Amino acid sequence: MASPNASVAALIFSGKLASQVTVGVGLTLFGSIVLSLFISLTSRYRGMVAGAQNVPGAMLALIAGGIVAAFPPSATAAEITPTVVAAIAL
C-alpha cells in the first residue's frame with residue numbers, strides 16, 4: 001500500500017514542487033495510516049481493510065498545478081507547499 005501512496009505524492013509534488021516530494025510522501029503515508037486505523041477500529045465487520053484510492057490523486061495534481069501557476073515566478077517551493085497541503089486537506 002505504500003507504493004501507490006508514494007506515486008500519488010510524486011505526481012502531486014512534481015515540477016516546481018519536486019524538491020518537496022518527501023513532504024508529500026510523508027503526508028500520504030500518514031493519511032493512509034490514519035484512514036486504515038479509523039476504518040479497522042470503527043467498522044462493524046471483522047477484518048475490514050481500507051486504503052486511499054489513487055484516482056483522486058490525478059485531480060489533486062491538477063489542483064496543485066493551478067496553485068503553483070497562481071504564485072509569482074519568484075516564489076520558492078517551500079513557500080508554495082503549505083498552500084498546496086492546505087488545499088489537499090480541505
Side-chain angles (χ1 to χ4, degrees):
M1 189 168 357
S3 179
N5 290 332
S7 64
V8 168
L11 179 65
I12 295 170
F13 289 86
S14 60
K16 192 169 185 177
L17 295 175
S19 63
Q20 301 293 317
V21 73
T22 55
V23 172
V25 170
L27 288 173
T28 57
L29 289 175
F30 177 75
S32 180
I33 290 169
V34 169
L35 175 69
S36 296
L37 283 174
F38 180 77
I39 296 298
S40 65
L41 295 175
T42 61
S43 176
R44 291 181 169 215
Y45 302 107
R46 292 184 151 216
M48 180 59 80
V49 178
Q53 294 184 356
N54 299 334
V55 174
M59 291 178 274
L60 292 174
L62 290 173
I63 292 169
I67 291 170
V68 170
F71 271 82
S74 61
T76 64
E79 295 170 342
I80 301 169
T81 301
T83 307
V84 170
V85 170
I88 291 170
L90 293 177

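Please read all numbers here as calculations on a predicted model, not as lab measurements.
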How many angstroms lie between atom [atom1] of [X] and atom [atom2] of [Y], to the nearest 0.5 angstrom?
| X | Y | atom1 | atom2 | result |
| --- | --- | --- | --- | --- |
| Gln20 | Ser14 | CD | OG | 13.0 Å |
| Phe71 | Thr83 | CZ | OG1 | 3.5 Å |
| Thr22 | Leu27 | OG1 | CG | 9.5 Å |

Note, Phe13 side chain near Thr81 side chain (heavy atom, < 4.5 Å): yes
Any donor-acceptor pair under 3.5 Å from Ser43 side chain to Ser40 backbone: no
Under 3.5 Å donor-acceptor, Ser36 side chain and Ser32 backbone: yes
Which atom names give the shortest non-hydrogen contact between [X] and [Y], and what distance separates them?
| X | Y | value |
| --- | --- | --- |
| Ala78 | Pro82 | O-CD, 3.2 Å |
| Val21 | Ala9 | CG2-O, 4.1 Å |
| Lys16 | Ala77 | O-CB, 3.4 Å |

Set of side-chain contact (heavy atoms from CB on, under 4.5 Å) partners for Ile88, sequence neighbours left out: Ile12, Leu60, Val84
Under a single-linkage definition using a 4.5 Å side-chain heavy-atom cutoff for Ile, Leu, Val, Met, Phe, Trp and Tyr, are [X] and [Y] assigned to the same hydrophobic cluster?
| X | Y | answer |
| --- | --- | --- |
| Leu11 | Val23 | no |
| Tyr45 | Ile39 | yes |
| Ile63 | Val85 | yes |

Hydrophobic cluster (4.5 angstrom, side-chain heavy atoms) - remaining members for Phe30: Val34
Members besides Leu37 in its Ile/Leu/Val/Met/Phe/Trp/Tyr cluster (side-chain heavy atoms under 4.5 Å): Ile33
